[in-house]
Chemist: 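I have a structure I would like to understand better, so I am pasting it below and will then ask my questions one at a time.
FYI, the numbering just counts along the sequence from 1.
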Amino acid sequence: MGSMGSCLCQPVEEDHVCFDALEEDRPEESVKVEDALRFLKLFDPQKTGFLPRQTIATIVQLCSSRLSEEKLEEILKGAPSNSRGFEYSYIVPFILWPEVPIYDLEDPKSLAKYLLDADVRLVRAPYFYKLLQSNRCMPRRQEAEHDSCEVNGEKVSALVSHEEVAEWALGRRDALVCSVSHAWESREHPDPCNFQLQNLVDSVALWDAAFVDDVWLFYDYVSLYQFQRDTAEQEASFRRAMSNMHMMYAHQSTLTFRLECLTPADTWTARKEDSTYKVPIYHLPSNSIAWVPLSELMENFAFYLDRGWCRAEIEWSAARGIPAQNIAIDGEPGKEVTVKMVPTAPEVFGKRMTTSAFTHRNDASTVVDLQRKIFHQKVTVRKHLKLEHLTQADMVELAASLPYFPQLKVLDIYIFQAGEAEAKAFFEVLSSMKLEKLSLTYARMALDVGSLDVATFASMIELSFESCHMGNRLAEVIAEVLKTNRTLTRINLKGNQITDEGVKAVADAMAYNTTVTDLDLRYNQGIDSDVGKQAIRLLEERLEGNRAAAEAAEAKRSRIRGDHRADGRADKFPGRLRIQALADKLTHGGTLSKLSVFNANLGDAVIQVLIEALQHNRSVTDVNLTKNNITYIGAKALAQMLTVNLNITHVYLGGNQIGDAGTEALAQMLKQNRSITNINLHANQIGSDGIQVLAEALQENDAILEISLREIEYHPRRLLPPNPFEETDEGRQALDRIKKRCEANREARATADIKKLVEELKTGAKTEINLRNHFIGDAHVQALSKALKINKSVTRINLEQNLIQDAGAQALSEVLRHNRCITHINLSCNEIGLVGAKALADSVQQNDAILDINLEVNPWRHHDVKGQVLEGIKEQCKANRAAAEARAKVPDESATEHVSP
């Protein structure tokens with residue numbers, strides 16, 4: 001055998017390992033077993049370095065009870081390496097913990113083996129339907145495995161058997177395996193108010209109807225044995241499952257469903273104060289399942305993205321490289337939280353986890369170890385990486401991560417932003433890689449295109465810079481590439497503001513190229529001028545010659561091979577779409593309120609089937625068809641349906657291609673329809689003509705509250721893939737008219753709502769006010785406050801997600817100085833600053849009737865003072881609740897019935 005690093009025989013500080021010394025080999029006989037074990041004990045996952053193969057082999061030999069040579073060879077196949085050896089931080093964990101198996105992240109049979117080895121059970125979608133219909137909370141795995149549900153009229157077990165999973169892995173059964181990423185809203189039960197269950201069923205029911213496949217879900221509380229685990233087998237199952245939990249979120253055969261929203265504060269509070277509402281949990285004192293009040297659970301209201309496990313599950317899901325397999329399924333359509341898709345290097349991820357919230361703090365090290373394993377396991381074999389909606393910070397991470405992808409061939413980025421430094425670093429990394437396909441769409445780069453090295457594109461077969469607005473400098477670079485590159489076959493330069501000069505440069509360069517067969521220059525300024533038209537004709541002639549030569553060469557190769565190669569493109573995600581079943585579900589009505597089929601690229605023909613089904617549906621109010629390749633044909637069909645169906649209020653069509661013709665059809669519909677309040681049309685190739693027609697139509701519509709034509713209005717992290725109308729003065733003026741009309745409608749709606757509410761308050765019958773997301777501002781709150789000062793019936797007020805600032809908060813504080821009936825106010829997600837918060841805090845000090853004021857997610861400039869103010873309000877409300885409970889326990893003697901003896 002080889003030799004071991006010299007540092008193994010030297011005194012070593014307990015918190016440091018000398019990695020450089022590991023490269024120095026020494027005679028095998030001078031190495032001691034104790035030194036090897038000491039080295040292993042000093043393993044620090046935050047360190048990086050490379051171990052020569054001989055050093056690894058020597059460690060393994062001296063620790064033969066830990067790892068066999070066959071196992072070592074299996075590990076090394078997936079290990080990142082360079083000329084120095086194999087990466088230390090990847091290899092050593094397997095030597096330390098050889099009992100943890102290695103599972104493949106591509107092969108379905110490997111996923112099935114993990115589920116069997118760890119005894120993880122998937123849950124049938126109909127079981128969740130059953131729970132919701134019977135108003136039951138989700139049970140632990142221990143109880144669920146004895147329960148059942150109906151599938152196609154047949155009674156079956158609630159949990160999927162390992163035999164069924166094996167049939168699926170072998171391709172003998174169709175199923176979608178979906179892993180649910182969610183928050184635990186209390187320590188004892190993840191979803192005590194059934195809020196997650198409702199959102200899960202709303203979405204999964206659509207998938208269940210739309211796909212031929214069964215839908216099997218991983219939901220940790222139901223799939224894994226939970227506390228209290230009564231047997232050694234249950235404990236072992238849980239530990240084995242946790243040691244490879246990344247399998248459920250990173251495996252190529254699974255999808256991730258993210259439940260990002262927490263139970264609304266008013267719902268939680270209402271359930272908490274309802275003495276009849278009980279949650280089934282394991283009750284340690286009685287060693288059994290007990291139904292306990294919500295108030296007895298340990299609450300956890302940390303936001304989804306602040307939680308360690310949730311952030312890890314996002315990271316693991318991103319490692320698949322396919323955004324369509326990582327989906328937020330709850331919340332308002334179009335407003336789901338945007339998550340990063342750039343795989344994070346382990347050392348960066350480890351630092352992030354130190355600021356994340358964990359229910360059990362020791363879970364952090366488990367998550368970091370799993371991230372390290374999955375990162376190297378995925379990136380070393382990843383050949384295709386697709387990313388969406390990257391910020392400048394994301395691009396910095398991408399540039400740092402790309403060197404870890406030695407086999408990457410295809411890089412596809414849709415919508416990103418990069419400053420000069422980020423763009424330069426990105427292309428420098430690309431120049432050292434051997435990419436075959438590069439696609440950049442809707443890029444905003446502060447980059448001197450002329451500084452690009454032509455050699456960066458030397459190995460590429462396909463190159464796309466779509467809607468990057470890089471102008472003639474890009475055309476000049478492509479022209480130089482065409483003169484020297486002999487591998488490129490397709491180039492996409494659509495929407496880059498290239499003038500006739502740039503078009504001519506590209507056409508002239510084609511005289512030197514014999515391989516490019518497709519070159520797209522549509523939506524550029526230069527193609528309509530005389531010079532541009534002539535250049536395009538010349539370009540097409542040269543492309544036609546290349547195509548003829550390519551077809552002749554392929555025909556010759558086919559005769560030699562004597563075979564026909566199938567298209568090797570993979571499906572976007574596993575599962576066969578069953579659109580007719582989904583259409584039938586819509587046609588026959590039911591209780592479905594949201595139709596969300598986004599990012600499925602269905603096209604006009606399939607979308608028209610759904611639209612026809614919606615014609616007479618009376619339950620659906622929200623329709624989300626984002627990113628489905630819908631053109632003006634589908635938009636016209638949708639517009640026609642919306643003249644008949646007046647129940648739909650929200651329509652999301654972002655990321656399609658409806659253009660001016662589709663926009664004009666929707667504009668004509670809006671002249672008649674007064675039910676729709678929100679439409680999203682971002683990134684739809686809408687030009688100046690289309691936007692002007694839309695602006696004109698809205699002048700007759702007083703119902704529209706919001707039309708989103710820019711993605712950032714819904715996604716603060718995302719960029720602005722501009723519609724073409726933004727390039728013209730007429731288009732920008734039309735957009736301004738649309739915004740003003742929507743603002744006027746919102747103001748009129750909010751004023752009408754307040755006026756109606758004030759009249760209702762005069763009757764003294766109203767006990768609750770719910771104006772969530774009603775565009776309520778300070779003036780509206782001031783008008784409402786006048787009525788509330790003398791009202792004696794209202795106890796709860798929900799003003800969440802409005803436009804209330806300090807003046808509105810001060811008006812409410814005045815109400816609380818006079819009104820002793822109001823007990824709960826929800827002001828979360830507004831624009832209340834420190835002044836308004838202090839006013840409310842002062843009022844609470846003088847009002848012992850107030851039990852809760854929610855001021856979460858409001859802007860604060862003085863974070864140190866913020867904590868004091870919020871803590872003061874919470875403490876006073878807590879004291880008020882305690883006093884109220886004490887008063888409730890004291891009998892009212894005046895109401896006591898006295899019976900004479």
Side-chain angles (χ1 to χ4, degrees), residues 74-75 77-78 100-125 127 151 156-157 159-181 204 207-208 210-220 222-224 237 240-258 313 315-327 343 370 373-386 407 410 566-578 600:
E74 181 183 353
I75 294 169
K77 284 181 181 178
V100 178
I102 302 171
Y103 296 103
D104 182 78
L105 290 169
E106 308 283 335
D107 186 356
K109 293 190 289 295
S110 184
L111 177 61
K113 188 175 188 305
Y114 161 69
L115 295 172
L116 175 64
D117 290 348
D119 191 19
V120 176
R121 298 288 291 277
L122 301 177
V123 189
R124 302 183 202 276
Y127 183 58
V151 177
V156 297
S157 62
L159 306 184
V160 180
S161 70
H162 292 306
E163 290 75 17
E164 290 174 289
V165 173
E167 289 290 301
W168 163 80
L170 293 171
R172 299 170 185 167
R173 182 169 186 147
D174 294 326
L176 289 174
V177 179
C178 310
S179 298
V180 181
S181 175
V204 169
W207 286 77
D208 202 9
F211 285 87
V212 176
D213 314 49
D214 293 330
V215 178
W216 297 341
L217 298 114
F218 170 82
Y219 189 101
D220 53 7
V222 190
S223 296
L224 307 177
S237 166
R240 285 195 296 267
M242 296 301 286
S243 68
N244 278 289
M245 183 51 59
H246 66 288
M247 287 290 293
M248 298 311 307
Y249 299 92
H251 199 280
Q252 218 62 28
S253 298
T254 66
L255 294 87
T256 299
F257 286 168
R258 304 194 312 274
E313 288 154 8
E315 289 281 351
W316 301 340
S317 301
R320 296 191 193 100
I322 303 177
Q325 287 181 234
N326 182 11
I327 307 162
L370 289 174
K373 182 188 298 186
I374 184 180
F375 182 81
H376 292 303
Q377 208 172 341
K378 274 287 187 180
V379 303
T380 53
V381 298
R382 171 66 57 209
K383 295 182 179 180
H384 188 153
L385 182 61
K386 183 173 183 179
Q407 298 189 49
V410 180
D567 188 349
R569 291 174 295 178
D571 292 333
K572 186 171 288 293
F573 48 74
R576 291 180 290 132
L577 201 60
R578 182 172 55 187

Chemist: First locate atom CD of Gln252, then atom CD of Glu106, and finally report the distance between them rounded to the nearest 0.5 Å.
Modeler: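 The CD atom of Glu106 is 4.5 Å from CD of Gln252, to the nearest 0.5 Å.
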Chemist: Would you say that Leu115 contacts Met247 through its side chain, given a criterion of any heavy-atom pair below 4.5 Å between the two side chains?
Modeler: no
Chemist: How close do Ser243 and Arg240 get, heavy atom to heavy atom, and via which atoms?
Modeler: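 Of all heavy-atom pairs spanning Ser243 and Arg240, the closest is OG-O, 2.7 Å.
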Chemist: Run the side-chain contact (heavy atoms from CB on, under 4.5 Å) check on Val410 and Lys383 step by step: do they pass?
Modeler: CA-CA 6 Å; Val410 180; Lys383 295 182 179 180; over 6 Å; no
Chemist: Can you confirm whether Ser253 sits close enough to Val177 that some side-chain heavy atom of one is under 4.5 Å from a side-chain heavy atom of the other?
Modeler: no
Chemist: Less than 4.5 Å apart, side chain to side chain, heavy atoms only: is that true for Arg124 and Val160?
Modeler: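 Side chain of Arg124 against side chain of Val160, heavy atoms only: contact under 4.5 Å found.
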Chemist: With no hydrogens and no angle check, is any side-chain donor or acceptor of Gln325 less than 3.5 Å from a backbone partner on Ser317?
Modeler: no
Chemist: Kindly compute the distance separating NE2 (His246) from NE2 (His251), expressed to the nearest 0.5 Å.
Modeler: 9.5 Å
Chemist: Do Arg320 and Thr256 meet the criterion of a side-chain donor-acceptor pair at a distance under 3.5 Å?
Modeler: yes
Chemist: Between Trp216 (side chain) and Leu122 (backbone), is there a donor-acceptor pair under 3.5 Å?
Modeler: no
Chemist: Does the side chain of Leu111 come within less than 4.5 Å of Trp168's, by heavy atoms?
Modeler: yes
Chemist: Looking at every heavy atom in both Ser223 and Arg121, which two are closest together, and how far apart are they?
Modeler: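 Looking at all heavy atoms of both residues, the shortest contact is OG-O, 2.7 Å.
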Chemist: So, do Leu116 and Val165 sit near enough that their side-chain heavy atoms are less than 4.5 Å apart?
Modeler: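 Result no, sub-4.5 Å side-chain heavy-atom pair not found.
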Chemist: Classify the ring geometry between Phe257 and Trp207 as parallel (under 30°), tilted (30 to 60°) or perpendicular (over 60°).
Modeler: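 If you compare the ring of Phe257 with that of Trp207, the planes turn out tilted.
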Chemist: Write down the atom of Ala118, the atom of Ser237, and the distance for their closest heavy-atom approach.
Modeler: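 Between these two residues, the closest heavy atoms are O-OG, 2.6 Å.
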Chemist: Taking the side chain as every heavy atom from C-beta outward, state whether Leu159 and Val222 have any atom pair closer than 4.5 Å.
Modeler: yes
Chemist: My understanding is that only residues two or more places apart in sequence, or in another chain, count here; which of them pass ring pair (Phe, Tyr, Trp, His ring centres under 6.0 Å) with Tyr114?
Modeler: Tyr103
Chemist: Is a side-chain N or O of Thr254 found less than 3.5 angstrom from the main chain of Cys178, in a donor-acceptor match?
Modeler: no
Chemist: Of all residues at least two apart in sequence or in a different chain, which pass the ring pair (Phe, Tyr, Trp, His ring centres under 6.0 Å) check with Phe218?
Modeler: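 For Phe218, no residue satisfies ring pair (Phe, Tyr, Trp, His ring centres under 6.0 Å) once neighbours in sequence are set aside.
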Chemist: Using atom types as modelled and distance alone, determine if a side-chain donor or acceptor of Ser179 lies under 3.5 Å from a backbone N or O of Met248.
Modeler: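 Confirmed, Ser179 side chain pairs with Met248 backbone.
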Chemist: Side-chain contact, heavy-atom cut-off 4.5 Å: Met245 with Leu224?
Modeler: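 Contact flag for Met245/Leu224 side chains = yes.
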Chemist: With the threshold set at 4.0 Å, does a side-chain nitrogen-carboxylate oxygen contact exist between Arg173 and Asp214?
Modeler: yes
Chemist: Is the backbone N or O of Asp107 less than 3.5 Å from a side-chain atom of Ser110, with the two atoms forming a donor-acceptor pair by type?
Modeler: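 Not confirmed, Ser110 side chain does not pair with Asp107 backbone.
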Chemist: Do His162 and Asp119 have side-chain heavy atoms sitting under 4.5 Å apart?
Modeler: yes
